[in-house]
Number of protein chains: 2
Amino acid sequence: MTKADGAERRERKSDKTRRRILDAAADLLNRKGFDGTRVSEIATLAELRVPAVYYYFDSREAILEEVVNIGDRLAHENVVRRLKELPPDASALDRICAAFAAHLEMVLTESAYTAAAMRTMGQLPADMRARQLDRQRASGRMWRDLIQTGVEAGEIDPELDPRAARMFLLGAVNWATEWWNPARGSLEEILATAQRLVRNALAGPLATASPGTAAAPPAALTPVFAPPPL
Amino acid sequence: MTKADGAERRERKSDKTRRRILDAAADLLNRKGFDGTRVSEIATLAELRVPAVYYYFDSREAILEEVVNIGDRLAHENVVRRLKELPPDASALDRICAAFAAHLEMVLTESAYTAAAMRTMGQLPADMRARQLDRQRASGRMWRDLIQTGVEAGEIDPELDPRAARMFLLGAVNWATEWWNPARGSLEEILATAQRLVRNALAGPLATASPGTAAAPPAALTPVFAPPPL
DNA sequence: GTCTATAGGTTGATAGAC
DNA sequence: GTCTATCAACCTATAGAC
């Protein structure tokens with residue numbers, strides 16, 4: 001335990017404040033959109049005055065970009081982790097369903113950051129949007145490969161355009177924040193419906209009608225995982 | 001031809017200006033979101049100064065609410081019109097696919113108003129949102145009935161929750177404005193993919209594998225229809 | 001690290017001339 | 001109908017005390 005170690009572990013107080021600011025910004029991004037998110041409101045939610053916010057961040061845009069950046073990263077890491085948890089004999093469609101379910105869970109209940117990143121995409125200023133697209137490259141490749149593997153395994157309706165199908169389904173889950181109400185149905189229920197829908201949509205007429213095999217939801221939906229460090 | 005008739009037909013000059021304002025607002029709503037849409041920018045796009053805008057509308061919110069209102073109405077009327085054009089022997093799934101395709105076409109190329117209405121839903125102030133939900137009641141009933149008819153006809157995977165399936169698929173098409181690029185694929189192509197995806201998703205294992213029947217895209221996609229009067 | 005006070009710009013909206 | 005001129009309110013951001 002060197003002195004450096006101790007210092008690294010104990011710069012917690014200011015990190016907590018910084019995190020409160022980001023939490024507030026993520027919440028507001030979801031409710032008000034990019035242009036509607038005001039620094040003064042962030043400060044109020046974080047129980048601070050405006051100048052304290054500027055002690056931690058250079059500008060309003062710097063706060064919002066960090067929220068979006070974290071949200072994208074959390075979404076990607078979570079999908080990767082869930083895919084690793086699958087049994088090695090999982091089919092390509094099993095893996096695709098698990099990935100969409102992981103993403104949906106993130107958007108709906110796990111991370112306001114991810115929900116904010118998805119909902120504000122179209123509103124970001126040009127330079128921020130360019131940097132986001134740059135960072136999302138690995139994520140985009142992952143989704144493309146997931147589908148491509150399914151196509152090559154013959155598990156996916158060959159009449160579908162893979163890119164359009166992928167984007168439509170990602171849109172379906174990203175949009176869910178607009179209408180999902182936990183009071184109307186549990187998270188488990190909506191994840192099950194989403195997986196069934198994704199499996200049907202991609203398999204198409206290739207789906208076997210025998211119940212309990214291809215149509216059964218895959219991969220146990222274990223409750224929640226520890227929130228990864230920001 | 002009474003004097004009233006003449007007057008009604010010729011109050012065009014101011015109607016055209018009013019329409020330019022609404023067009024500008026719809027465009028900005030899509031690009032900047034609800035809170036990001038500024039009256040000064042609406043005025044510039046409409047080639048006016050700000051006070052001229054206030055000659056036509058009582059407030060900024062009145063402009064934006066009218067855009068959303070028109071967008072919702074156009075989407076609903078267009079789906080209804082397309083459903084009427086279907087042959088009487090169209091299956092429930094045929095009707096559902098045609099409805100989603102009509103909605104998607106509206107969002108992507110026909111109406112910036114509809115795209116704006118869909119994208120800003122979650123950002124509207126509480127009172128505006130309440131009035132919108134009130135106006136959307138007929139539209140919501142239409143979509144619910146379309147799916148319900150398919151369930152009762154045995155054409156839809158009984159393991160799907162009808163409401164969640166409907167909302168996921170509407171989300172998929174509403175989100176398409178975020179990623180669709182006409183340079184990467186024609187409107188006809190994306191409409192075909194969307195219909196294939198919707199049909200697969202809802203039919204599930206019930207889909208027959210015989211090509212050209214249940215899996216074939218339904219209802220000719222006639223190019224474009226005359227823009228309805230605002 | 002957090003505050004009070006404030007600078008400088010933009011916004012929604014109106015008054016009143018033409 | 002459309003404009004110039006203007007207002008109060010609010011915004012992002014900073015200076016400087018503690």
Side-chain angles (χ1 to χ4, degrees), chain A residues 7-29 31-68 116 120 123-128 230, chain B residues 7-29 31-68 116 120 123-128 230:
Chain A
E8 272 169 26
R9 278 183 220 291
R10 259 153 212 69
E11 53 185 355
R12 283 279 184 269
K13 226 157 287 184
S14 79
D15 274 5
K16 259 177 89 173
T17 307
R18 195 184 149 87
R19 165 116 183 209
R20 280 210 322 275
I21 295 170
L22 290 170
D23 284 349
D27 181 32
L28 286 166
L29 272 178
R31 282 159 36 201
K32 310 287 190 81
F34 184 88
D35 293 272
T37 296
R38 301 275 117 93
V39 176
S40 60
E41 241 176 319
I42 294 175
T44 305
L45 259 179
E47 293 174 300
L48 292 169
R49 302 300 143 83
V50 169
V53 172
Y54 282 97
Y55 173 83
Y56 291 94
F57 294 92
D58 284 342
S59 69
R60 170 183 172 276
E61 293 211 354
I63 309 171
L64 304 187
E65 180 154 3
E66 183 152 340
V67 169
V68 169
T120 55
Q123 300 165 38
L124 303 185
D127 56 333
M128 256 185 78
L230 294 187
Chain B
E8 274 169 24
R9 275 183 224 290
R10 260 155 213 67
E11 51 183 357
R12 282 283 183 267
K13 224 157 290 184
S14 80
D15 275 3
K16 258 177 87 172
T17 307
R18 195 185 149 86
R19 165 112 182 213
R20 279 211 320 275
I21 295 170
L22 291 170
D23 284 348
D27 181 33
L28 286 166
L29 272 178
R31 281 160 37 202
K32 310 287 191 81
F34 184 88
D35 293 272
T37 296
R38 302 276 121 94
V39 177
S40 61
E41 241 176 321
I42 294 175
T44 304
L45 257 178
E47 292 176 299
L48 290 169
R49 302 299 143 84
V50 169
V53 172
Y54 282 98
Y55 172 81
Y56 291 93
F57 294 91
D58 285 343
S59 69
R60 180 186 100 104
E61 292 210 354
I63 308 173
L64 304 187
E65 179 154 3
E66 184 151 339
V67 169
V68 169
T120 55
Q123 299 167 39
L124 302 185
D127 55 334
M128 257 186 77
L230 295 187

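Order of the sequence lines sets the chain letters (A, B, ...), proteins ahead of strands, with each chain counted from 1. Keep in mind the model is a prediction, meaning the values are calculated, not measured.
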Please report the distance, rounded to the nearest Å, between [atom1] in [X] and [atom2] in [N].
| X | N | atom1 | atom2 | value |
| --- | --- | --- | --- | --- |
| B:Tyr56 | D:dG1 | OH | P | 6 Å |
| A:Phe34 | D:dT12 | CZ | C1' | 13 Å |
| B:Arg20 | D:dT2 | CZ | C1' | 11 Å |
| A:Arg18 | C:dG1 | CZ | P | 12 Å |
| A:Lys16 | C:dG1 | NZ | P | 13 Å |
| B:Arg49 | D:dT2 | CZ | P | 12 Å |
| A:Leu64 | D:dC11 | CG | P | 14 Å |

Taking only distance into account, with no hydrogens and no angle test, what donor-acceptor pairs under 3.5 Å do side-chain atoms of residues 43-54 of chain A form with protein atoms, sequence neighbours excluded?
unit_1	atom_1	unit_2	atom_2	d
A:Thr44	OG1	A:Ser40	O	2.9

Problem - A:Tyr55 side-chain N/O to C:dC3 phosphate OP1/OP2 under 4.0 Å - result: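 No.
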
Handout entry: Letter per nucleotide, 5' to 3', of nucleotides 7-13 of chain C [B base touched, S only sugar-phosphate touched, - untouched; heavy atoms, 4.0 Å]
Key = ----SSB

Exercise for the section: Tell me, yes or no, whether the heavy-atom count around A:Asp127 atom CG, taken from other residues, nucleotides or ligands under 6.0 Å, exceeds 12. Expected result: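 Yes, because the 6.0 Å sphere around CG of A:Asp127 holds more than 12 heavy atoms from other groups.
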
Handout entry: Expected output: side-chain B:Ser59 to main-chain B:Ala62 donor-acceptor under 3.5 Å
Key =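 Looks like yes, one N/O pair under 3.5 Å.
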
Practice task
Nearest 0.5 Å please: distance from the CD1 atom of B:Ile42 over to the CD1 atom of B:Ile21.
Solution key: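 Answer for the CD1-CD1 pair, B:Ile42 versus B:Ile21, is 8.5 Å.
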
Exercise for the section: Drop me the distance from A:Leu64's CG to A:Leu22's CG, to the nearest 0.5 angstrom. Expected result: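 Taking CG in A:Leu64 and CG in A:Leu22, the distance rounds to 9.5 Å.
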
Practice task
Taking the side chain as every heavy atom from C-beta outward, state whether B:Pro125 and B:Phe34 have any atom pair closer than 4.5 Å.
Solution key: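 A side-chain contact exists here, since the closest heavy-atom pair is under 4.5 Å.
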
